[in-house]
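First up is the structure itself, then whatever we jot down about it.
Just so we're clear, the structure is a prediction, and the values are computed from it rather than from any experiment. The figures that follow rest on heavy atoms only: side chains count, while hydrogens, waters and symmetry mates do not.
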Amino acid sequence: MSRKNFAVVLFLFMTALLGPSAAPAVPAPGKTENLVLLFTHDLHSHLDPYPALDASGKPAQAGGFARLATVIDRERTGNESRTLLADAGDFSMGTVFHAVRESRGGELVAMGLLGYDATTYGNHDFEKGPGLLAQALEAARKNARGRLPSVVASNTFVDPLDPGLFGLRDAQYAAPVIPYAVLRRAGMKIGLFGLMGRDAASDVPQASPVVFTDPVETARRIVSLLREREKVDLVIALSHCGTWADKARSEDELLARAVPGIDIIVSGHTHTVLDPYIRAGDTVIVSAGAYCRYLGRLEIEKRPGGKVAVRDYRLIPITSRVPGKAEVAGFVSGLAAEAEKTALEPMGYRFGQVIAESALSLPMPLEEGNPGPLPAPSGLGNLVADAYRAAAGETGLAFQADGPIRAPLVAGKVTVNDAFRILSLGQGFDGRAGYPLLAFRLTGADVREVLETDPSLGPLKPDARLQVSGMRASIDPTAPAFSRVRAVETESRGGGLAPLDEKALYKVVTNGYLVMMIGYLDRVSGGRLTVVPRDASGEPLASPWTARLFDGTDGAELKEWVALARFLQSFPDTDENGLPDVPATYARPLPHFVPAP
């Protein structure tokens, strides 16, 4: 038997072995009650309350696991036998707390404290690679305070014969990470499974050599097992596939129609706030946004042989009006102290340290609600790109994609935690949280190729929209894809604009995320977007990672979040109160992409 076939057989054996024993079952009551499904997704390590913008754009405080615990207890107390609590992935990566994910497993341990029954993987849970995810699973198991949630990962294939995956294989077995779970609530036998979507999988090349199999085909197989072998009454998919306004690519709606045996889909990945819910065929699709801002509550009745009848659907806000649960607050406080020591102190910061103030709020670019053919860069995107350029210490160009900008800048006092949340993703070669900045040379022709990402890929993949500093491009959105950039101008040392010289070398500053996506751009464009990072003499770099910027003498990389924090600290104190002020010039986005004449 070949190595590959043996691995597949072993995976199917593990599916058969672990599937039905995923969660403890309790005897079925004598009658069927309404089931209450409490759900979250895309929590992204938001264990502590954080500044946010409310529906009117005004500053507010949201989230926090201590407050979430209070709301969960309120909804579950007295109704334990008919309440299920689940999450649809991306439980980690997003705040300074993920800096101690591998040593403490804090996100999963906190979910255990709150009584989650199950979660699944999201793409960002793999962002540090399979080895560090394995460490996080092991740390959660060792530090658990009570039962951890089951991790159901139906289309995540970890080759048990790949030496590079032995650590994750063993950690998943011990956790356990399982293909599906079966439990009883409200007099029903309920099957839960978890999926990684196609778009989500494409966003995380760091997961390799882990393979994510086709989510629709996997769902068909798992639903058949649950219905025919396990004889479940209800099937719930914890899906990190997502929904989009474009129905032709709205993965969870397509999934529901392709696999009609799914009763409920808890839809993560796209951070969507669905109110009301979506019904696709007989499947109910729910979403509660991101960052612990809401707890979703779905109450359903399932008649034998009939479809799900929704009795109640609400998104419960987690706001400053909700008191925090003391036990959870104490746990989070302990993690904060460790995160400060691990991630902040080496960079000269303290947890919650105020570093600037802002009279204006700068929303995330992806939350501006502009689906038109031309991008609408956020003033926050301008701020981030300018911070990158300033970090390089000399005139050059800077690129940043919208996707890695993860939080708004909210009016008021700005802390180092806020700067970290805005640019929270990744981990560098130095083992510290955050993507490093890199500075290398590109030819003018390659600069044009990078800029093509925005008008050619951005309309289909909004997180590929670009923020830039030091340049301006005119585009024709009606031209064929990958030929929409018409003219490019770059800033000269004197501050004026000069036409791009396609043969010249330009110094470019960007982050590790964009460097990792160079291969993706080449692949999705069919070889039409081929970018070659070069050294100062114009020779191609053996690896773009050799162009990382460093901070100090201890081998620490210059992280993107550190560059932003220092840029904020560099602003003048205009009101003379001891805090730098974010300039009003960032209130309105600068038009770096303009229509061609």
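For the pair A134 and A171, the tightest heavy-atom approach, listed with the atom from each and the gap, is O-CB, 3.6 Å. Contact between V515 and P544 at its shortest, heavy atoms only, is CG1-CG, 3.6 Å. Of all the heavy atoms in L457 and A464, the pair that sits closest is CB-CB, 4.3 Å. Taking both residues in full, the closest heavy atoms of L47 and A110 are given as CD2-CB, 4.2 Å, listed atom of the first, atom of the second, then distance. Taking each heavy atom of L165 and P130 in turn, the nearest pair found is CD2-CB, 3.7 Å. Summarising the geometry of L108 relative to A140, their closest heavy-atom pair is CB-CB, 3.8 Å, with the distance given to 0.1 Å.
Under the rule for a ring-ring contact (aromatic ring centres under 6.0 Å, His included), H41 has no partner lying at least two apart in sequence or in another chain. T530 meets the side-chain contact (heavy atoms from CB on, under 4.5 Å) test with D522; sequence neighbours excluded. Residues passing the salt bridge (charged side-chain N to carboxylate O under 4.0 Å, His left out) test with R293, sequence neighbours excluded: none. Judged as a side-chain hydrogen bond (donor to acceptor under 3.5 Å, both in side chains), and not counting sequence neighbours, the contacts of R198 are D214. Judged as a ring-ring contact (aromatic ring centres under 6.0 Å, His included), and not counting sequence neighbours, the contacts of F567 are F571. Under the side-chain contact (heavy atoms from CB on, under 4.5 Å) criterion, A487 pairs with S474, sequence neighbours left out. For H46, the ring-ring contact (aromatic ring centres under 6.0 Å, His included) criterion is met by Y50, Y291, not counting sequence neighbours.
Salt bridge annotation for R566-D551: present, with a cationic side-chain nitrogen under 4.0 angstrom from a carboxylate oxygen. In summary, E557 and K559 engage in a salt bridge, as defined by a charged side-chain N under 4.0 Å from a carboxylate O. Remark: R528 does not engage E452 in a salt bridge, criterion side-chain N to carboxylate O under 4.0 Å.
For S456 (side chain) and F482 (main-chain N/O), a donor-acceptor pair under 3.5 Å exists by modelled atom type. Side chain of D454 to backbone of G458: no donor-acceptor contact under 3.5 angstrom is found. For the pair T270 (side chain) and T243 (backbone), a donor-acceptor distance under 3.5 Å is present. In terms of modelled atom types and a separation under 3.5 Å, the side chain of D446 and the main chain of E449 share no donor-acceptor contact. In this structure a side-chain-to-backbone donor-acceptor pair under 3.5 Å is present from S483 to P480. At least one donor-acceptor pair closer than 3.5 Å links the side chain of N155 to the backbone N or O of M196. Checked by atom type and distance alone, the side chain of D162 never pairs as donor or acceptor with a backbone atom of F166 at under 3.5 Å. For the pair D573 (side chain) and G578 (backbone), a donor-acceptor distance under 3.5 Å is present. Between the side chain of D581 and the backbone N or O of T574 there is at least one donor-acceptor pair closer than 3.5 Å. Side chain of R432 to main chain of F429: no donor-acceptor pair is present (N/O by atom type, distance under 3.5 Å, no hydrogens or angles).
With no hydrogens or angles considered, no side-chain donor-acceptor pair links H269 and H124 at under 3.5 Å. Residues D501 and Y506 bring no donor and acceptor atom of their side chains to less than 3.5 Å of each other. No hydrogens or angles considered: a donor-acceptor pair under 3.5 Å links the side chains of T119 and D87.
Residue pairs meeting the salt bridge (Lys or Arg N to Asp or Glu O under 4.0 Å) criterion with at least one member in residues 479-488, sequence neighbours excluded, are D476-R486. For residues 335-362, the pairs satisfying salt bridge (Lys or Arg N to Asp or Glu O under 4.0 Å) are R104-E338, with sequence neighbours left out. Sorted by first and then second residue, the side chain to side chain donor-acceptor pair (under 3.5 Å) pairs involving residues 537-546 (not counting sequence neighbours) are D535-S537.
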Table please: side-chain donor-acceptor pairs of residues 201-210 below 3.5 Å, with sequence neighbours left out.
{"residue": "S202", "atom": "OG", "partner": "D199", "partner atom": "O", "Å": "2.7"}
{"residue": "D203", "atom": "OD1", "partner": "K461", "partner atom": "NZ", "Å": "2.7"}
{"residue": "Q206", "atom": "NE2", "partner": "Y435", "partner atom": "OH", "Å": "2.9"}

Mind listing the side-chain donor-acceptor pairs of residues 92-101 below 3.5 Å, one per line with the distance, residues two or more places apart or on another chain?
{"residue": "S92", "atom": "OG", "partner": "R101", "partner atom": "NH1", "Å": "3.1"}
{"residue": "S92", "atom": "OG", "partner": "D125", "partner atom": "OD1", "Å": "2.7"}
{"residue": "T95", "atom": "OG1", "partner": "S45", "partner atom": "O", "Å": "2.6"}
{"residue": "T95", "atom": "OG1", "partner": "F97", "partner atom": "N", "Å": "3.2"}
{"residue": "H98", "atom": "ND1", "partner": "G94", "partner atom": "N", "Å": "2.8"}
{"residue": "H98", "atom": "ND1", "partner": "T95", "partner atom": "O", "Å": "3.0"}
{"residue": "H98", "atom": "NE2", "partner": "S424", "partner atom": "O", "Å": "3.2"}
{"residue": "R101", "atom": "NH1", "partner": "D125", "partner atom": "O", "Å": "3.0"}

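Side-chain contact between P477 and P455 is absent, with no heavy-atom pair separated by less than 4.5 Å. L383 places a side-chain heavy atom less than 4.5 Å from the side chain of L362. Between L437 and T510 the shortest side-chain heavy-atom distance does not fall below 4.5 Å. Looking at heavy atoms from C-beta onward, W561 lies out of side-chain contact with R421 at the 4.5 angstrom threshold. With a 4.5 Å cut-off on side-chain heavy atoms, L335 and V332 do not count as touching. At a threshold of 4.5 Å between non-hydrogen side-chain atoms, the residues V211 and D159 do not count as touching. Annotation: side chain of F593 is not in contact with side chain of V485 (no heavy-atom distance under 4.5 Å). Between Q400 and E560, some side-chain heavy-atom pair lies under the 4.5 Å cut-off.
Taking the six-membered ring for Trp and the full ring otherwise, Y121 and F212 have centroids separated by 6.0 Å or more.
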